[in-house]
Student: 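Right, I'll just put the structure down here and ask away after.
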Amino acid sequence: MAEPIVIKLGHASEAETQLPGAGRTAGVNAFKHYVETQSGGAIEVEVYPNGSLGNGRTMIESAQLGTLQVAGAYTSIMVPFVPEIAITQIPYVFDSNLSAWKVMEGPVGEELADLVLERTGLRVLGWADGAGFRNIYTDKPIRSPEDLNGMTMRVPENPGLLAMFRAWGSKTVTITWSELYTSLQSGMAEGHDTELYSMFSKKLYEVNPYVTMTRHSYNIHPLLMNEEFFQSLSPELQEIVLQGADLYTRVGNAHSYLSSLVVQESMEAEGAEFYFPTPEEIEQFRSLAQQPYIDIIVRKIGDDGQAWVDKIMKASSEQQG
């Protein structure tokens, strides 16, 4: 029997499917088992979790080089490669996970995937839910944007998120995810924003115990495959990979959403305190943040920037309700 074709797949989430847990882990494990089973052993998927092959940027670059066949990424780490991806994190562009899933499975998601392929040589296998929406976590209670005034907040590599926090009156600092806990502990930053499960998984509630459920920006966990490798597969194996990719997205979406429903109880048991802003308070966050975010990403994208913003706004509006 011929040696199996090996797909090396790296991502930053945990190895085993658990609840609460990363939707990406559940999706990747579904992808692995489906592809191996349906190919009759012709493909073997080797999964390297927990960032064991490097951080998000390193894994994307390894996939581009072909030393890694598949990389698990996330929104902010993709923005430097494809600035248009930033439209998916416009504050309050999506009103729910379901709306976001439908938009990313439609023409907007397809056009963004085409750009990723063109710019990076990587095929988007799926735009899975990346633990849902981002919220604010701090070392003191936050009720409104006014409470953030003068605070130093850690922000990832998306220039739009930097503009958003500055519009709320915060000072910003860019710190890598792996260094965030110690930076919060030392006082280099007083707070941060990320998704609930991402925060829980790194025990960041120990240093930022106050949770403000702003749900301001959505996060995605795309799976990226080296296109040359994909094209080297037979048509039959390509179809199996694509079917497995669809399963990755559906399982990842469902598990991610389910985790977001149960993780609050787990965090509260560890001492986290939750605050759910009123509709009026949410409108304060939205009205201050949305346009500054849009302005900066339109400049970063260039000539087509506003067209991309209009496109996702329209698609999202059509899916709401």
Side-chain angles (χ1 to χ4, degrees), residues 13-14 18-24 74-76 89 91-92 94-97 100 129-156 158 161-162 164-165 167-173 175 177-221 255-286 288-289:
S13 301
E14 65 267 13
Q18 59 191 36
L19 193 67
R24 172 162 57 197
Y74 56 93
T75 309
S76 294
Q89 279 194 333
Y92 302 101
F94 298 125
D95 71 337
S96 68
N97 299 71
D129 191 297
F133 288 87
R134 302 177 78 86
N135 301 289
I136 294 172
Y137 315 93
T138 51
D139 58 6
K140 69 175 187 179
I142 301 296
R143 300 288 185 268
S144 68
E146 187 178 357
D147 296 328
L148 289 168
N149 192 45
M151 288 187 69
T152 301
M153 300 293 291
R154 177 267 181 182
V155 184
N158 182 345
L161 293 177
L162 286 166
M164 179 186 74
F165 272 102
W168 288 337
S170 300
K171 302 169 188 173
T172 58
V173 59
I175 299 166
W177 182 246
S178 60
E179 297 172 340
L180 181 53
Y181 187 102
T182 54
S183 298
L184 292 167
Q185 197 173 37
S186 69
M188 185 182 298
E190 298 167 87
H192 71 288
D193 81 317
T194 191
E195 309 76 39
L196 275 181
Y197 178 71
S198 301
M199 196 264 199
F200 174 74
S201 69
K202 299 299 182 185
K203 299 186 176 183
L204 295 171
Y205 49 78
E206 294 177 349
V207 282
N208 276 175
Y210 294 98
V211 181
T212 304
M213 294 292 288
T214 48
R215 289 173 57 87
H216 51 269
S217 292
Y218 182 72
N219 190 46
I220 48 179
H221 276 169
H255 194 88
S256 181
Y257 185 68
L258 182 57
S259 287
S260 73
L261 297 178
V262 302
V263 73
Q264 179 181 342
E265 184 178 348
S266 299
M267 290 174 66
E268 287 177 330
E270 297 293 340
E273 295 186 24
F274 281 72
Y275 178 71
F276 291 81
T278 66
E280 292 77 20
E281 288 165 341
I282 288 292
E283 178 55 26
Q284 290 178 39
F285 283 107
R286 189 205 66 78
L288 287 171

Student: Determine whether a donor-acceptor pair (N or O, by modelled atom type, separation under 3.5 Å) exists between the side chain of T75 and the backbone of I220.
Tutor: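 The answer is yes, because a donor-acceptor pair under 3.5 Å joins these two groups.
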Student: Are the side chains of N135 and E195 in contact, using a 4.5 Å heavy-atom criterion?
Tutor: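 Sidechains of N135 and E195: no contact.
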Student: Return yes if a side-chain donor-acceptor contact under 3.5 Å exists between D129 and Y218, otherwise no.
Tutor: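 Yes, a side-chain donor-acceptor pair sits under 3.5 Å.
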Student: So, does E190 use its side chain to make a donor-acceptor pair with the main chain of T152 at under 3.5 Å?
Tutor: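 Yes, E190 side chain to T152 backbone: donor-acceptor pair under 3.5 Å.
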Student: In terms of ring plane angle, is the pair W168 and F165 parallel, tilted or perpendicular, where the classes change at 30° and 60°?
Tutor: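 Judged by the thresholds at 30° and 60°, the geometry between W168 and F165 is perpendicular.
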Student: For L148, is there any backbone N or O sitting under 3.5 Å from a side-chain donor or acceptor partner on S170?
Tutor: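 Here the side-chain-to-backbone pair exists.
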Student: How many angstroms lie between atom CD1 of I136 and atom CZ of R143, to the nearest 0.5 angstrom?
Tutor: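 I136 CD1 to R143 CZ: 12.0 Å, rounded to 0.5 Å.
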Student: Is the backbone of A131 close enough, under 3.5 Å, to the side chain of S256 for a donor and an acceptor to pair up by distance?
Tutor: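 Present.
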Student: Judged by atom type as modelled, is there a donor-acceptor pair below 3.5 Å linking the side chain of E14 to the main-chain atoms of A22?
Tutor: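 Indeed, once roles are kept as given, a pair shorter than 3.5 Å links the two residues.
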Student: Quick one: closest heavy-atom pair of H192 and L204, and the distance?
Tutor: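 Here H192 and L204 meet closest at NE2-CD1, 3.4 Å.
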Student: Contact between Q89 and N158 at the side-chain level, heavy atoms closer than 4.5 Å - yes or no?
Tutor: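 Yes - at least one pair of side-chain heavy atoms lies under 4.5 Å apart.
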Student: Is the shortest heavy-atom distance from the side chain of M267 to the side chain of M199 under 4.5 Å?
Tutor: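 M267 vs M199: side chains touch.
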Student: Tell me the closest heavy-atom pair linking K203 and Y181, and the distance in Å.
Tutor: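 For K203 and Y181, the tightest heavy-atom pair comes out as O-CE1, 3.3 Å.
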Student: Is there a donor-acceptor pair closer than 3.5 Å between any side-chain N or O of D147 and the backbone N or O of S144?
Tutor: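 Indeed, once roles are kept as given, a pair shorter than 3.5 Å links the two residues.
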Student: For N219 and G132, indicate whether the former's side chain and the latter's backbone hold a donor-acceptor pair under 3.5 Å.
Tutor: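 Checked: no pair found.
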Student: Does a donor on one side chain sit under 3.5 Å from an acceptor on the other, for Y275 and E281?
Tutor: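 Checked: Y275/E281 side chains pair up, N/O donor to acceptor below 3.5 Å.
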Student: Is there a side-chain contact between W177 and S198, using heavy atoms and a 4.5 Å cut-off?
Tutor: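 W177 vs S198: side chains touch.
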Student: Which heavy atom of G191 sits nearest to which heavy atom of L184, and what is that distance?
Tutor: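 Answer, listing the atom of G191 first, then L184: N-CD2, 3.8 Å.
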Student: Under a 3.5 Å distance rule, please check whether H255 uses its side chain to pair with a backbone N or O of Q18 as donor and acceptor.
Tutor: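 Yes; at least one donor-acceptor contact below 3.5 Å.
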Student: Going by heavy atoms in the side chains, are D139 and M151 under 4.5 Å from each other?
Tutor: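 When only atoms from C-beta onward are counted, M151 and D139 do touch, with a gap below 4.5 Å.
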Student: Measure from the side-chain N and O atoms of Y137 to the backbone N and O of L196, and report whether any donor-acceptor pair falls under 3.5 Å.
Tutor: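 A pair under 3.5 Å: yes.
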Student: Can you tell if the side chain of R134 reaches within under 4.5 Å of the side chain of L161, non-hydrogen atoms only?
Tutor: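 Yes, their side chains come closer than 4.5 Å.
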Student: Does the side chain of P156 reach to within under 4.5 Å of the side chain of D193, using non-hydrogen atoms?
Tutor: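 Touching, per the 4.5 Å side-chain cut-off.
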